[in-house]
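Notes for the one structure printed next.
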Number of protein chains: 2
Amino acid sequence: MDFYKNEPQTLLAVDCVILGFNGESLEILLVKRGIAPERNKWSLMGGFVHEDESPEKAASRVLKKLTNLEDLYMENCGIFGEPGREERRVVSIVYFALIDATQYRHILSEEYEAKWFPLDKHPKLIFDHEDMISTAKHTLRTKAALYPILFELLPEKFTIPQIASLYECVYNIDLDKRNFSRKLLSSGLLIKLNEKDKENSRKGAFFYRLNMDIYKEKIMSFLRYLPSWSVDES
Amino acid sequence: MDFYKNEPQTLLAVDCVILGFNGESLEILLVKRGIAPERNKWSLMGGFVHEDESPEKAASRVLKKLTNLEDLYMENCGIFGEPGREERRVVSIVYFALIDATQYRHILSEEYEAKWFPLDKHPKLIFDHEDMISTAKHTLRTKAALYPILFELLPEKFTIPQIASLYECVYNIDLDKRNFSRKLLSSGLLIKLNEKDKENSRKGAFFYRLNMDIYKEKIMSFLRYLPSWSVDES
DNA sequence: AAAATTAAGTGTTAATTTGACATTAATTTT
DNA sequence: AAAATTAATGTCAAATTAACACTTAATTTT
């Protein structure tokens, strides 16, 4: 049986807001668009959803094609489907992806003309891609307020000053590093390594890595208006 | 010019997880499906996205058709597009909607066979609609941990015991009402009215309403790892 | 080689917030 | 009028936070 015969079909695309952190500031990976319309203009990396794949899968595929990376942290952060947002009706599902800064420099596929830009100072983009970035930023902030996802932007081994400046970037604030460090350490989320990062300071800062068990536990653990104990996560 | 000529098209649908609160527990509004396949089985209210509307618009339309309510609080909470989730390939965008319990009883459209069920004890649903409810619950919890959206489930005038039991429901916990009340009042979010709810207790509890200015201010104001002051929300 | 410099990391303390519990207050029912 | 019920306020010790000072480990300059 063939159902829904008279229902309208639509073009379905994904667009990726690919974010990285260079230790100083957030960056976004943009590409020069390869197809018409708006060919050769800067845009988010995107693509159409194939017939045999989910949108999420499509986003992974597109990301892999550009960066050669798999299993990136990725999350849906909006759906753009206003009629008229492109010449032809296309509903676009937007994902943001977080990439570890230290790996990405050399992995870009040759196939695309791609470039990292400062997140707050990038070229004009096609269609409503600027709005997509805005919602991605917002989702990132909301999510990172509850879940320790910003670690996805850092290498496996990172220092506390690194995390601090990452949080400062994302929320556009100044942190008291001393209090921040103490708070972070008391969470039990970090495991101290016997090794220092000498790149960024004379004294050098100890490397840490994530305690994945605690990482998973921490999810949903800081709910406002609620006592912090025992939230049933079913 | 006609772009994207050779790209595949797909059926795009919306499904709505409609939640209400009856003072005691959360409820979900389900409908008996009107079309094949799976006709006459219980399901989420849904519909196809028309050619001239955005998915969000489609969800509003579908919601209005069922409840006659407009401007409901509504939020995307997932995209279900695995090939094989239905007989035919359909990508479904899921929204959850929050409805004020005191209004909804008499507004249901005659056109649909719809019924409120306890959220934790509802009939089996078609396709992957159960999963949709799970993600809706999860999104609700995450969102409500940062934003005071649960008020959307209450009437304009509400009492503190009402909010407390709502939070108890959503997070499946017991609250110390005394501490909860103190915390809530100190947020400045509530404006005390000169009127009591006598329905639910002998003494009666004072009604409050939301201070919308503070409500908007509160957004993003309780960030873990960050000092609570001055988060630039641009 | 000593002194200056830089940024990391640890301490200290007062103020605030939280959690646990007790009491008082307003109303209806008996 | 007493009993029952639930709202609302109060108390206090413990925990957490914010603000600030100091020490430490290394490198660079003199």
Side-chain angles (χ1 to χ4, degrees), chain A residues 23-24 145-146 154 157-169 171 173-209 214 218 221-231, chain B residues 23-24 145-146 154-155 157-169 171 173-209 214 218 220-231:
Chain A
E24 288 272 301
L146 279 179
L154 297 172
K157 297 188 300 185
F158 48 79
T159 67
I160 292 185
Q162 274 170 20
I163 316 173
S165 62
L166 177 51
Y167 272 87
E168 288 182 324
C169 272
Y171 292 101
I173 50 170
D174 269 321
L175 284 173
D176 182 313
K177 314 296 186 300
R178 301 163 290 190
N179 290 335
F180 178 80
S181 149
R182 194 151 31 87
K183 211 187 260 191
L184 193 52
L185 286 172
S186 76
S187 73
L189 211 59
L190 304 188
I191 297 171
K192 192 173 187 170
L193 302 180
N194 235 331
E195 195 185 347
K196 273 186 168 181
D197 164 37
K198 296 291 190 57
E199 303 271 296
N200 299 298
S201 76
R202 295 178 181 170
K203 178 173 177 179
F206 276 102
F207 279 119
Y208 289 81
R209 64 178 178 81
I214 305 277
K218 281 296 171 194
S221 68
F222 359 100
L223 302 173
R224 181 76 170 184
Y225 294 138
L226 301 178
S228 41
W229 41 264
S230 99
V231 170
Chain B
E24 289 272 300
L146 278 180
L154 296 172
K157 297 187 302 185
F158 48 78
T159 68
I160 291 185
Q162 275 170 17
I163 315 173
S165 62
L166 177 51
Y167 272 87
E168 288 182 325
C169 273
Y171 292 100
I173 51 169
D174 268 321
L175 285 172
D176 182 313
K177 314 299 185 298
R178 301 162 290 191
N179 291 335
F180 178 80
S181 151
R182 183 156 40 90
K183 214 186 258 191
L184 193 53
L185 287 172
S186 77
S187 70
L189 212 59
L190 304 188
I191 296 170
K192 192 173 187 171
L193 302 180
N194 233 330
E195 195 185 348
K196 274 185 168 180
D197 164 36
K198 295 291 190 55
E199 304 269 297
N200 300 299
S201 77
R202 296 184 177 163
K203 178 173 175 179
F206 275 102
F207 279 119
Y208 288 80
R209 64 181 178 80
I214 304 279
K218 280 296 171 193
M220 294 296 284
S221 68
F222 357 101
L223 302 174
R224 183 76 170 184
Y225 295 137
L226 301 178
S228 40
W229 41 264
S230 97
V231 170

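Keep in mind that the numbers below use all heavy atoms, side chains included, and drop hydrogens, waters and symmetry copies. Throughout, protein chains are lettered first and strands after them, A, B, ... in sequence-line order, and every chain is numbered starting at 1.
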Select from A:N200 and A:L185 the residue whose nearest nucleotide in DNA chain C is closer to the 5' end of that strand.
A:N200
Out of D:dA7, D:dG10, D:dA21, which nucleotide sits closest to the side chain of A:R178?
D:dA21
To the nearest Å, how far apart are B:F207 CZ and D:dA7 C1'?
14 Å
With a cut-off of less than 4.0 Å, is there a side-chain N or O of B:K183 near OP1 or OP2 of C:dG19?
yes
Separation of A:K196 atom NZ from C:dT6 atom C1', in whole Å?
13 Å
Give, for atom CD of A:E168 and atom CD of A:E24, the distance between the pair rounded to the nearest 0.5 Å.
11.0 Å
Check whether the side chain of B:R182 and the base of D:dT9 form a donor-acceptor pair under 3.5 Å.
no
Distance from A:L154 atom CG to A:L166 atom CG, nearest 0.5 Å?
5.0 Å
Spacing of CG belonging to A:D197 relative to CZ belonging to A:F206, to within rounding of 0.5 Å
11.5 Å
Side-chain atoms of B:N179 come closest, of D:dA7, C:dA8, C:dA20, to C:dA20
By side chain to side chain donor-acceptor pair (under 3.5 Å), which residues pair with B:R202, not counting sequence neighbours?
none
Here the distance between atom C1' of D:dA8 and atom CG of B:D197, to the nearest Å, is 15 Å
Which one, C:dG9, D:dA26, C:dA26, comes nearest to the side chain of A:A205?
C:dG9
Please state whether the phosphate of C:dG9, meaning OP1 or OP2, lies under 4.0 angstrom from any side-chain nitrogen or oxygen of A:K177.
no
To the nearest Å, how far apart are B:L184 CG and D:dA8 C1'?
14 Å
Taking CD from A:E199 and C1' from C:dA8, how many angstroms apart are they, rounded to a whole number?
16 Å
Would you check if A:L189 and A:Y208 make a side-chain contact, meaning some heavy-atom pair closer than 4.5 Å?
no
Map every base of DNA chain D to its dot-bracket character, where paired means a Watson-Crick or G-U wobble contact with both distances under 3.5 Å and | marks a partner outside the strand.
||||||||||||||||||||||||||||||
From C-beta outward on A:R202, which listed nucleotide comes closest to its side chain: D:dA8, C:dC21, D:dA26?
D:dA26
Starting at CG of A:N179, measure out to OG of A:S181 and round the result to the nearest 0.5 Å.
9.0 Å
Without decimals, in angstroms, what is the distance between A:Q162 CD and C:dA7 C1'?
14 Å
d(CZ, B:F180; P, C:dT18) in whole Å
13 Å
4.5 Å side-chain heavy-atom contact, A:L190 and A:I160:
yes
Is any side-chain N or O of A:K203 under 3.5 Å from a base N or O of C:dA7, one able to act as donor and the other as acceptor?
no
Could you tell me the separation between the CG atom of A:D176 and the P atom of C:dT12, rounded to a whole number of Å?
17 Å
Taking for each residue the nucleotide of DNA chain D bearing the nearest heavy atom, is the 5' side occupied by A:K198 or by B:F206?
B:F206
Keeping the roles fixed (side chain from A:K177, backbone from A:L175), state whether a donor-acceptor pair exists under 3.5 Å.
yes
